[in-house]
Amino acid sequence: MTEKSIPTITGTLTGDFAADSPILAQAGAIIRAGGLVAFPTETVYGLGGNGLDSTASKKIYAAKGRPSDNPLILHIEDDSMLYMLAEDVTDTAELLIRDFWPGPLTLVVKASSVVPKTVTGGLDTVAIRMPSHPAAAALIRAAGVPIAAPSANLSGKPSPTSASHVKEDLNGRIDMILDGGDVPIGLESTIVDVTGDVPVLLRPGYITVHDIKEVVGECLIDPAVLHKPEDGFVPKAPGMKYRHYAPKAELTIFKGGAANVAAAINEAVKKAEEEDRKARILCAGANVHFYPEHLARPMGNDEAGEMIAHELYRALRECDEQSVDVIFSESFDDNPLSEAIMNRLMKAAGYRVTEV
Ligand code: TXA
Ligand code: MG
């Protein structure tokens, strides 16, 4: 899509998520006419276009500056859309759907012939999810078609967790932004390949391997999820191979005991300041006292990891806004969402880790 000079319309949702409310009806009409609308989901904001229209998918890739071999997720609102888009829905898929839809779980299934190749990046599978955010559901209803939507950020930037993040990245490049406030989760959905009998985790998220095993007994993990790109495993989710979620600053993760990590980070900060580089520290709420107050960005204190997940992308974007040069982060591996949190943080750090 050529860049538009007119600013993107912002429609603020006020808790009225009826598909026939004026804002949602307008947004639905834009999607049906082949335009692009950014909208809130429970995970991150999505950049939506008509999932059955290959021209709309091309516009999405262009607006994001995204390589077109990185397929899109189709967002649906009811089961009938699933059976239209999937060639085959395995028993494993049915079990996961029963427990986790609508919600932050994306399923990779065999694609039917109605799915455009531009959506799947040429694959014979398609990623589908049924979001639980009421605004997302209402938008799909208003549009009357499945909505193809990647995260609504410029390619390579952290995913947007508020409408202002979307505006920063895509203003003037898309037709409309639906502002539904902050998203609840803050990290992208879990992606699971359910084309075989045993599900395979392709991207960790809020629904964990533990959650999946509770429903279907087994869950494999794509080896690329657990390794650095240099280790040579090619991820089954094509998007996972790109350097994602990156802030402009150089980010280093420190691993070890809390006191050792704090000492090493404070040393690194001193060195950065001697070199006139602006530093920032991402730390657990309980550890702020270790660090100079004006440099510490507390990420929450919850044992569940939910606050850390919620704050991660926002904190990375704040560092960009404040023209930070170097970010030193504690590692957050002691919570149920650590797989998802550390997967994103490691990518943002380009896998730069200092063990202390
Ligand atoms: O939470 C989310 O999933 C958000 C919201 C907007 O729904 N969307 C999102 O989309 O994160 P995106 O495009 O940023 O990430 C989609 C991921 C990519 O890594 C892509 O490679 C993978 O899904 N994917 C899509 N289709 C696939 C397929 N057929 N097989 C394997 N991976 C697939
Ligand atoms: Mg994305």
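Listed by chain and number, the residues in a side-chain hydrogen bond (donor to acceptor under 3.5 Å, both in side chains) with Asp182 are Arg314 (sequence neighbours excluded). Remark: Pro102 pairs with Met130, Ser132 by the side chain to side chain contact (heavy atoms under 4.5 Å, CB included) rule, at least two apart or across chains. Applying the side chain to side chain contact (heavy atoms under 4.5 Å, CB included) criterion to Ala259, with sequence neighbours excluded, gives no partner residue. For Glu318, the side-chain hydrogen bond (donor to acceptor under 3.5 Å, both in side chains) partners two or more places apart in sequence, or in a different chain, are Arg297. Qualifying side-chain hydrogen bond (donor to acceptor under 3.5 Å, both in side chains) partners for Thr125, counting only residues two or more places apart in sequence or in other chains: none. Applying the salt bridge (charged side-chain N to carboxylate O under 4.0 Å, His left out) rule to Lys255 yields the partners Asp333; only residues at least two apart in sequence or on another chain are considered. Residues satisfying the salt bridge (charged side-chain N to carboxylate O under 4.0 Å, His left out) test with Lys110, not counting sequence neighbours, are none. Residues meeting the salt bridge (charged side-chain N to carboxylate O under 4.0 Å, His left out) test with Arg141, sequence neighbours left out: Glu77.
Other cluster members for Tyr291: Phe254, Val261, Ile265, Val269, Ile281, Phe290, Leu295, Val326, Phe328, Val356, joined by side-chain heavy-atom distances under 4.5 Å among Ile, Leu, Val, Met, Phe, Trp and Tyr. Through direct or relayed side-chain contacts under 4.5 Å between Ile, Leu, Val, Met, Phe, Trp and Tyr, Val198 connects to Val108, Ile191, Val200, Leu202, Leu220.
Counting only distance, with no hydrogens or angles, the side chain of Asp222 and the backbone of Val225 share no donor-acceptor pair below 3.5 Å. No side-chain donor-acceptor contact under 3.5 Å links Lys248 to the backbone of Glu321. Put simply, the side chain of Asp78 gets close to the backbone of Met81: a donor and an acceptor are under 3.5 Å apart. For Thr8 (side chain) and Asn171 (main-chain N/O), no donor-acceptor pair under 3.5 Å exists by modelled atom type. Without hydrogens or angle criteria, Arg32 side chain to Ala142 main chain gives a donor-acceptor distance under 3.5 Å. Remark: the backbone N or O of Pro71 is paired with a side-chain donor or acceptor of Arg66 at under 3.5 angstrom. Between the Tyr61 side chain and the Thr118 main chain, a donor and an acceptor come within less than 3.5 Å of each other. No donor-acceptor pair closer than 3.5 Å links the side chain of Ser151 to the backbone N or O of Gly46. When atom types are taken as modelled, the side chain of Ser189 and the backbone of Pro104 share no donor-acceptor pair closer than 3.5 angstrom. Judged purely by atom type and a 3.5 angstrom limit, Arg129 has no side-chain atom pairing as donor or acceptor with the backbone of Leu74.
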**Message:** Run the side-chain hydrogen bond (donor to acceptor under 3.5 Å, both in side chains) test on Thr106 and Arg203 for me, step by step, so that the C-alpha distance in whole Å, both residues' side-chain angles and the decisive distance to 0.1 Å come before the verdict.
**Reply:** CA-CA 9 Å; Thr106 295; Arg203 178 173 75 181; 5.0 Å; no
**Request:** Would you sort out whether Val353 and Met346 count as a side-chain contact (heavy atoms from CB on, under 4.5 Å), showing the intermediate values?
**Result:** CA-CA 8 Å; Val353 177; Met346 289 288 269; 3.6 Å; yes
**Request:** Determine, step by step, whether Cys319 and Leu316 satisfy the side-chain contact (heavy atoms from CB on, under 4.5 Å) criterion, reporting the C-alpha distance in whole Å, the side-chain angles of both residues, the deciding distance to 0.1 Å, and the verdict.
**Result:** CA-CA 5 Å; Cys319 289; Leu316 295 178; 5.6 Å; no
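When all heavy atoms are compared, the tightest approach of Asp197 to Thr92 is O-OG1, 2.7 Å. Smallest separation of non-hydrogen atoms from Leu47 and Ala152: N-CB, 3.7 Å. Minimum heavy-atom separation, Leu96 to Leu107: CD1-CD2, 4.2 Å. Nearest heavy atom pair, residue Thr161 against residue Gly186, reads CG2-O, 3.7 Å. When all heavy atoms of Ala136 and Pro40 are compared, the closest pair comes out as CB-O, 3.5 Å. Summarising the geometry of Pro158 relative to Tyr313, their closest heavy-atom pair is CB-CD2, 3.7 Å, with the distance given to 0.1 Å.
A distance of 4.5 Å separates CD1 in Ile177 from OG1 in Thr10, rounded to the nearest 0.5 Å. Here the CG-NZ distance, from Leu72 to Lys64, works out to 9.0 Å after rounding to the nearest 0.5 Å. Residue Leu337 holds its CG atom at 8.5 Å from CD1 of Ile308, rounded to the nearest 0.5 Å. To the nearest 0.5 Å, atom CG of residue Leu282 and atom CG of residue Leu345 are 7.0 Å apart.
Counting heavy atoms from C-beta outward, Ser54 and Lys117 have side chains that stay 4.5 Å or more apart. Side-chain contact between Val109 and Asp88: absent, with no pair of heavy atoms (C-beta onward) separated by less than 4.5 Å. Considering only heavy atoms from C-beta on, Leu170 comes within 4.5 Å of Leu154 through its side chain. Proximity of Gln26 to Met176: side-chain heavy atoms (C-beta onward) are separated by under 4.5 Å at one or more points. In this structure, the side chains of Thr208 and Thr190 stay at 4.5 Å or more apart for every pair of heavy atoms. Counting only heavy atoms from C-beta outward, the side chains of Asn343 and Glu339 never approach each other to under 4.5 Å. Contact of the Met84 side chain with the Val114 side chain is registered, since non-hydrogen atoms from C-beta on lie closer than 4.5 Å.
Of the candidates Thr43, Val166, Val44, Val44 is the only one forming a side-chain contact (heavy atoms from CB on, under 4.5 Å) with Ser159. The side chain to side chain donor-acceptor pair (under 3.5 Å) test with Tyr206 is passed by exactly one of Glu42, Glu306, Glu188: Glu306.
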Without placing hydrogens or testing angles, list every side-chain donor-acceptor pair under 3.5 Å for residues 226-240, not counting sequence neighbours.
residue, atom, partner, partner atom, Å
His227, ND1, Pro223, O, 2.9
Asp231, OD2, Lys228, N, 3.4
Lys236, NZ, Asp193, OD2, 2.9

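Identified under the side chain to side chain donor-acceptor pair (under 3.5 Å) test for residues 268-289, with sequence neighbours left out: Arg280-Gln322, Asn287-Glu330.
Under 3.5 Å, the side chains of Ser338 and Asn335 contain no donor-acceptor pair of N or O atoms.
Ion pairing between Lys58 and Asp53 fails under the 4.0 Å rule for side-chain N and carboxylate O.
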